[in-house]
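Each ligand, and each atom within it, is numbered from 1 in the order the structure gives. Bear in mind the structure is a predicted one, so any value in this text is a computation, not a measurement.
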Amino acid sequence: MESKKRDVIVACDFANREEVTSFLDKFAGNARKPFVKIGMELFYGAGPDIVREIKGRGHRIFLDLKLHDIPNTVRKTMRVLSALDVDLCNLHAAGTVPMMEAALEGLTRPDGTRPLLIAVTQLTSTDQEHLEGDLLISRPMEEVVLHYAQNAKKAGLDGVVCSPLEAGSVHAACGVDFLTVTPGVRFADGDVGDQKRVMTPAEARKIGSDFIVVGRPITASPDPVAAYERCVKEFLED
Ligand code: C5P
C-alpha cells in the first residue's frame, strides 16, 4: 500500500495541461516534489495522460474524482485508476459499504499493492437545511459525518476527507491510524477567500490532520515554491 506518511498536498486546480505544467516547472529544481491533487476539471479536460506526465515528473498524485456509482462500475473504474499508478483516490461514502468494498477490490493490484482510498462523508457545501430538505436525512450533520466515516472504516478504507475542525472527532471515532485529509488551510497572514472555516498549517498539525490540501495559498502566491516550503515547514517541522 502507498505510504500514509503525513504530507502537504497541493491542489492543482488548473484548467489545462499548459497551466499545470508551467506551475510544476517552478518546482523542477526543488529537492521536495509536492504531492499533487488533480481534480475533475483537469482530469476530464486533459485526460489520463496528465496523470502519467505528472507522475513522470516525480510527483505523488491524489486523483480527486469522488466516484459514486453501483459497486460493479466502481470496482472496474478503480481498477483503471490503480493501473494509472495514482497514490491516493476517493469516492463518496454515500455509495454505501458494498460500493466501498468493491472499490478496494478494484484498486488492489495483482501483487497486493494499491493506492490509498479515502471517502468524502458529506460535502462541506451541504448544510443541515439541505441534508434534511433535499436528502431527507434528519440527523445532525456531525453525527452523519462520523457515521459515514465509520462506514468507510468498516469497508476497509484508509480515511476520509474532512474539515480540519472534524479531524479530532474522526480520529476519536475511527482511530488515530484512520487518515484525515483536510482542505480549508490558510496562512495566518493570508487571504481566506471563499473558505468559511479555515486553519493554519500549524493548527491543522496540532489537531491531528494527516494530509492538508492547500490550493490558492500556494498556486496564487507570487512565489509558489516559497509558499509551499513555508506550508511544509509549518505543517511538518515546526
Ligand atoms: O484553494 P484552496 O486552498 O481553497 O483549495 C482547496 C482544495 O480542496 C480545492 O481543490 C477544493 O476543491 C478542495 N476541497 C475543499 N473543501 C472540501 C473538499 C475539497 O476546499 N470540503
Side-chain angles (χ1 to χ4, degrees), residues 7-16 19-20 23-24 34-46 50-51 54 59-68 86-94 116-128 130-131 135 141-142 144-146 148-149 152 157 159-170 179-205 207 209-232 234-235:
D7 209 345
V8 172
I9 300 178
V10 180
C12 284
D13 295 321
F14 296 106
N16 55 50
E19 285 181 26
V20 72
F23 171 74
L24 293 176
F35 199 135
V36 160
K37 178 170 90 80
I38 297 177
M40 289 188 232
E41 183 187 11
L42 184 59
F43 186 78
Y44 293 139
I50 196 69
V51 173
I54 296 175
H59 298 271
R60 295 172 72 206
I61 292 181
F62 169 18
L63 189 57
D64 181 16
L65 298 183
K66 301 188 180 69
L67 272 64
H68 188 176
V86 299
D87 298 278
L88 173 63
C89 53
N90 62 358
L91 46 63
H92 275 283
L116 295 171
L117 180 61
I118 58 174
V120 174
T121 55
Q122 285 290 335
L123 294 167
T124 45
S125 50
T126 305
D127 60 15
Q128 189 71 38
H130 291 104
L131 198 65
L135 306 180
M141 179 62 82
E142 198 194 336
V144 175
V145 166
L146 289 180
Y148 283 28
L157 268 67
V160 288
V161 184
C162 62
S163 146
L165 298 158
E166 291 159 355
S169 55
V170 168
L179 299 176
T180 52
V181 179
T182 62
V185 173
R186 291 293 179 267
F187 291 121
D189 53 1
D191 259 355
V192 170
D194 54 4
Q195 294 282 10
K196 300 243 176 336
R197 298 177 303 154
V198 299
M199 271 194 191
T200 65
E203 286 165 344
R205 169 172 51 83
I207 209 157
S209 292
D210 296 290
F211 291 88
I212 51 173
V213 179
V214 189
R216 288 159 293 178
I218 295 173
T219 55
S221 162
D223 187 346
V225 176
Y228 169 70
E229 289 298 338
R230 176 181 175 190
C231 211
V232 166
E234 289 188 17
F235 183 59

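When heavy-atom distances to ligand 1 are checked against a 4.0 Å cut-off, Pro217 comes that close only through its side chain, counted from C-beta outward.
The distance from atom CD1 of Ile38 to atom CD1 of Ile54, rounded to the nearest 0.5 Å, is 4.0 Å.
Within ligand 1, the atoms closer than 4.0 Å to a non-hydrogen atom of Thr124 are 16 (N), 17 (C), 21 (N), numbered from 1 in the order shown. Close contacts between ligand 1 and Gly215 involve ligand atoms 1 (O), 2 (P), 3 (O), 5 (O) [criterion: under 4.0 Å to a heavy atom]. Listed by atom number, the atoms of ligand 1 under 4.0 Å from Ala11 heavy atoms are 7 (C), 10 (O). Close approach of ligand 1 to Arg216 is summarised as follows: ligand atoms under 4.0 Å from at least one heavy atom of the residue are 1 (O), 2 (P), 3 (O), 4 (O). Residue contact check: Arg186 has heavy atoms under 4.0 Å from atoms 1 (O), 2 (P), 3 (O), 4 (O) of ligand 1.
Between Phe35 and Phe62, the ring centre distance reaches or exceeds 6.0 Å.
Atom CG of Asp191 has 12 or fewer heavy atoms from other residues, nucleotides or ligands within 6.0 Å.
Taking the charged nitrogens against the carboxylate oxygens, Arg216 and Asp194 do have a contact shorter than 4.0 Å, which makes a salt bridge. The pair Lys37-Asp7 fails the salt-bridge criterion, with no side-chain N (NZ, NE, NH1 or NH2) lying under 4.0 Å from an Asp/Glu carboxylate O.
Looking only at heavy atoms of the protein, atom 19 (C) of ligand 1 is closest to Pro183 CG, 3.8 Å. Closest to atom 10 (O) of ligand 1, if we only count protein heavy atoms, is Asp13 OD2, 2.8 Å. Atom 6 (C) of ligand 1 has as its closest protein heavy atom Gln195 NE2, 3.8 Å. What sits closest to atom 12 (O) of ligand 1 on the protein, heavy atoms only, is Lys37 NZ, 4.2 Å.
Heavy atoms of Gly39 come nearer than 4.0 angstrom to ligand 1 in no pair at all.
By the 4.5 Å heavy-atom criterion applied to side chains, Asp13 and Thr219 are not counted as neighbours.
For Val214, no nitrogen or oxygen atom sits less than 3.5 Å from a nitrogen or oxygen atom of ligand 1, counting backbone and side chain alike. Not one N or O of Lys66 is nearer than 3.5 Å to an N or O of ligand 1, by distance alone.
Counting only distance, with no hydrogens or angles, the side chain of Arg186 and the backbone of Val192 share a donor-acceptor pair below 3.5 Å. A donor-acceptor pair under 3.5 Å is absent between the side-chain atoms of Ser209 and the main chain of Phe211, judged by distance alone.
Across every non-hydrogen atom of Ala188 and Arg230, the tightest pair is N-NH2, 4.4 Å.
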